[in-house]
Amino acid sequence: MTEAPGQITAETPPRLVVLISGRGSNLGALIEACEQGQIPARIVGVVSNRPDAGGLGFAEQHGIPSQVLNHRDYPTREAFDADLATAIEGYAPDWVILAGFMRILTPGFVDRFTGRMLNIHPSLLPKYRGLDTHARALADGETEHGASVHFVTPELDGGPVIMQARVPIVSDDTADTLAARVQRAEHRLYPEVVRRVCSGEIQWSGRILQADGTPLGAPLQLDEDTHNASPPQPAG
Ligand code: GRF
């Protein structure tokens with residue numbers, strides 16, 4: 001029997017490498033979920049393309065090896081991506097987790113990690129790919145917004161979406177208040193998806209995205225499809 005990439009075995013918990021560029025709050029949520037056993041995996045390395053990324057502090061506090069590859073030191077995107085791939089491979093990861101990693105990746109880099117690289121994006125994909133998603137959703141008069149976790153393909157924010165978390169938009173929202181609400185949802189969403197991919201529950205062969213062996217017609221929804229969904233709120 002063949003195991004899915006990164007599938008949990010008693011002896012070898014899957015190895016995760018997390019890529020960051022900034023604050024690292026999603027990294028923090030993933031570290032906590034691993035430490036608490038919600039994700040039976042180990043974060044073995046953190047790589048940032050910015051020396052001032054706040055998330056590097058989380059790595060240090062939790063004894064996780066980290067390194068900075070400053071994209072400004074590289075003449076081309078290809079040269080940066082080549083060193084980034086080497087740095088990642090140095091940790092021998094089962095999964096590469098993009099958590100606020102603000103770089104467009106070259107197709108060659110993506111090909112190297114296809115099927116074992118995830119990203120979190122602050123919108124209900126396929127809506128609002130790219131930047132400034134919160135302001136754009138507000139400008140369009142949307143009534144809800146959210147975040148999506150997807151497998152990474154060469155198309156920006158275009159890979160198959162595994163799961164989404166939805167949040168309401170309220171009347172006095174600004175881009176900042178909405179972003180904060182979405183981020184709180186992200187901190188539950190990402191650990192849940194990483195748990196599922198590490199357990200082999202979610203599989204993507206490059207063609208068909210499956211959950212528990214069944215093709216996924218639409219993204220899973222956090223709280224509707226989670227085993228550990230939030231308890232129902234009392235009525236009234
Ligand atoms: C998150 O909102 C994520 O959706 C986006 O970048 C942000 C990163 O935040 N890709 P943090 O660095 O994890 O706090």
Side-chain angles (χ1 to χ4, degrees), residues 4-6 14-28 30-31 41-60 64-123 125-133 136 147-162 186 190 193-194 197-198 202-209:
R15 299 167 64 86
L16 315 180
V17 166
V18 183
L19 271 51
I20 61 169
S21 299
R23 197 158 72 97
S25 66
N26 281 285
L27 168 65
L30 290 166
I31 291 173
R42 210 152 63 89
I43 300 177
V44 293
V46 170
V47 183
S48 170
N49 68 309
R50 295 184 56 116
D52 58 351
L56 290 167
F58 287 130
E60 194 182 344
I64 300 169
S66 67
Q67 55 183 303
V68 175
L69 286 186
N70 190 337
H71 62 278
R72 292 174 196 273
D73 295 341
Y74 290 84
T76 62
R77 212 173 266 288
E78 284 73 17
F80 172 74
D81 278 5
D83 268 13
L84 179 62
T86 303
I88 293 170
E89 296 287 18
Y91 295 109
D94 296 295
W95 293 95
V96 179
I97 310 293
L98 308 186
F101 187 64
M102 303 301 283
R103 295 288 303 164
I104 292 176
L105 300 165
T106 55
F109 176 89
V110 173
D111 279 353
R112 251 168 110 159
F113 299 103
T114 297
R116 56 189 179 116
M117 182 156 63
L118 304 179
N119 182 44
I120 188 160
H121 180 74
S123 81
L125 290 170
K127 285 184 169 176
Y128 307 115
R129 292 179 184 183
L131 298 174
D132 299 326
T133 62
R136 286 157 62 204
S148 306
V149 176
H150 63 92
F151 279 102
V152 177
T153 63
E155 192 185 354
L156 181 68
D157 302 326
V161 177
I162 302 166
E186 288 184 350
Y190 221 175
V193 176
V194 173
V197 296
C198 286
I202 301 290
Q203 294 192 336
W204 181 55
S205 58
R207 265 185 348 106
I208 300 170
L209 181 61

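All values reported here derive from a predicted model rather than from experimental measurement. All heavy atoms count here, side chains included; hydrogens, waters and symmetry mates do not. In what follows, residues are counted from 1 in the order of the sequence shown.
Put simply, the side chain of Ile88 reaches to within 4.5 Å of the side chain of Leu19, judged on heavy atoms. In this structure, the side chains of Met117 and Arg112 stay at 4.5 Å or more apart for every pair of heavy atoms. No side-chain heavy atom of Asp94 sits under 4.5 Å from any side-chain heavy atom of Leu16. Two residues are said to be in side-chain contact when any heavy atoms from C-beta on lie closer than 4.5 Å; Tyr190 and Leu27 fail this criterion. Between Val152 and Phe113, the closest side-chain pair of non-hydrogen atoms is not below 4.5 Å. No side-chain heavy atom of Ile120 sits less than 4.5 Å from a side-chain heavy atom of Leu98.
Shown here for Val197 and Phe151, the closest heavy-atom pair between the two residues is CG1-CZ, 4.4 Å. Looking at every heavy atom in both residues, Phe80 comes nearest to Arg103 through CE2-NE, 4.0 Å. Across every non-hydrogen atom of His121 and Asp157, the tightest pair is CE1-OD2, 3.2 Å. The shortest non-hydrogen separation linking Val161 to Ser148 is CG1-CB, 3.9 Å. Heavy-atom minimum distance, Ala59 versus Val46: CB-CG2, 4.0 Å. Of all the heavy atoms in Val17 and Pro93, the pair that sits closest is CG2-CB, 3.6 Å.
Distance check: Ile31 CD1 to Arg42 CZ gives 13.5 Å after rounding to the nearest 0.5 Å. Atom CG of Leu156 and atom CG of Asn119 lie 8.5 Å apart (nearest 0.5 Å). To the nearest 0.5 angstrom, Ile64 atom CD1 is 11.0 Å from Leu56 atom CG. Taking CG of Leu118 as the reference point, atom CZ of Arg116 lies at 11.5 Å (rounded to 0.5 Å). Taken from CE in Met102 to CG in Leu131, the straight-line distance is 5.0 Å, to the nearest 0.5 Å.
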### Message
One pair to check against side-chain contact (heavy atoms from CB on, under 4.5 Å): Ile202 and Val193. What are the steps and the verdict?
### Response
CA-CA 8 Å; Ile202 301 290; Val193 176; 5.7 Å; no
### Message
Applying side-chain contact (heavy atoms from CB on, under 4.5 Å) to Ile162 and Trp204, what does each step give before you reach the verdict?
### Response
CA-CA 10 Å; Ile162 302 166; Trp204 181 55; over 6 Å; no
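The backbone N or O of Arg129 sits nowhere less than 3.5 Å from a side-chain atom of Thr133 that would complete a donor-acceptor pair. Judged by distance alone, the side chain of His150 and the main-chain N or O of Leu125 form no donor-acceptor pair under 3.5 Å. When atom types are taken as modelled, the side chain of Arg23 and the backbone of Ala53 share no donor-acceptor pair closer than 3.5 angstrom.
Pairs engaging residues 43-54 under the side chain to side chain donor-acceptor pair (under 3.5 Å) rule: Ser21-Asn49, Asn49-His71, Arg50-Asp52 [sequence neighbours left out].
Within 6.0 Å of the CZ atom in Arg136, the count of heavy atoms belonging to other residues, nucleotides or ligands exceeds 12. No more than 12 heavy atoms of other residues, nucleotides or ligands shown are found within 6.0 angstrom of CD on Glu60.
In this structure, Arg15 fails the cation-pi test against Tyr91, since its NZ or CZ atom is not both closer than 6.0 Å to the six-membered ring centre and inside 45 degrees of the ring normal.
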